[in-house]
Novice: 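Structure below; questions to follow.
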Amino acid sequence: MAYWLMKSEPSSYSWDDLVRDGGTEWDGVRNNAARLHLKAMKKGDEAFFYASMTDKAVVGIMRITREAQPDPKDTDWVSVRVEPVKAIGPVTLKAIKAEPKLAKMELIRQSRLSVAPVRDDEWKTVLGMAG
DNA sequence: GCCAACGTTGGC
DNA sequence: GCCAACGTTGGC
């Protein structure tokens, strides 16, 4: 199973919105590198929900419930379906940056990438920091 | 094919 | 509010 990190601005779609909805179509990604990651996702993979801008923290775990298909809003792009697993953390960007084991996270290396892979050891490290 | 200009993201 | 990073566009 693979792990991922997906960003959302709480002002447009928050973790609470996801819990309320019970699952959502993760669409609107308009970046080629992010699209490649979406296409690589398999049903059952897990992903951190990263709340950007206001929180700047990992606040929950999601599960991929359907693999990539054309984004209904623009079929040049793709979307996956996700559901909330549980709230964690928050593990802040500040804490992630302060942890040497996480220095190579894509979140850090390419801060603008909205869908990024997470390595197994990084996943465990972040979970450990969530307490 | 190069690169300057511009737009967007997102941290600070 | 500012600006760095990055992607895209368009003139040449």
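By convention in this document, chain letters (A, B, ...) are assigned in the order of the sequence lines, proteins followed by strands, and residues within each chain are numbered from 1. The structure presented is a predicted model; accordingly, all values stated were derived computationally and were not measured.
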Novice: Give one of base, sugar-phosphate or nothing for A:Lys94, where a contact means two heavy atoms less than 4.0 Å apart.
Specialist: nothing
Novice: What is the distance, rounded to the nearest whole Å, between atom CG of A:Asn31 and atom P of C:dT9?
Specialist: 13 Å
Novice: Could you check whether A:Glu25 pairs with A:Arg66 (Lys NZ or Arg NE/NH1/NH2 to Asp/Glu carboxylate O, under 4.0 Å)?
Specialist: yes
Novice: Is the closest basic N to carboxylate O distance between A:Arg30 and A:Asp71 below 4.0 Å?
Specialist: yes
Novice: Cluster partners of A:Val80, using ILVMFWY side-chain heavy atoms under 4.5 angstrom, listed by chain and number?
Specialist: A:Trp4, A:Met6, A:Tyr13, A:Trp15, A:Leu18, A:Val19, A:Trp26, A:Val29, A:Leu38, A:Met41, A:Phe49, A:Val59, A:Met62, A:Ile64, A:Val78, A:Val82, A:Val115
Novice: Establish, from distance only, whether the side-chain atoms of A:Asp21 and A:Thr24 form a donor-acceptor pair under 3.5 Å.
Specialist: no
Novice: Can you get from A:Leu113 to A:Val118 by hopping between Ile, Leu, Val, Met, Phe, Trp and Tyr side chains that sit under 4.5 Å apart?
Specialist: no
Novice: Using heavy atoms and a sub-4.0 Å distance, could you list which residues of residues 100-114 of chain A are near DNA chain C? By number, please.
Specialist: A:Arg109, A:Gln110, A:Arg112
Novice: Taking NZ, NE, NH1 and NH2 as the nitrogens, is one of them in A:Glu67 or A:Lys43 under 4.0 Å from a carboxylate oxygen of the other?
Specialist: no
Novice: Can you tell me if A:Tyr50 touches the phosphate of B:dT9, counting only side-chain N or O atoms and a distance under 4.0 Å to OP1 or OP2?
Specialist: no
Novice: For B:dG10 and A:Lys56 - does any side-chain N or O of the residue sit under 4.0 Å from the phosphate oxygens OP1/OP2?
Specialist: no
Novice: Once you round it to whole Å, what is the distance between P of B:dT8 and NZ of A:Lys7?
Specialist: 17 Å
Novice: Without decimals, in angstroms, what is the distance between A:Leu93 CG and C:dA4 P?
Specialist: 18 Å
Novice: Without decimals, in angstroms, what is the distance between A:Ile96 CD1 and B:dC12 C1'?
Specialist: 16 Å
Novice: Output the rounded distance in Å from CG (A:Asn32) to C1' (B:dT8).
Specialist: 16 Å
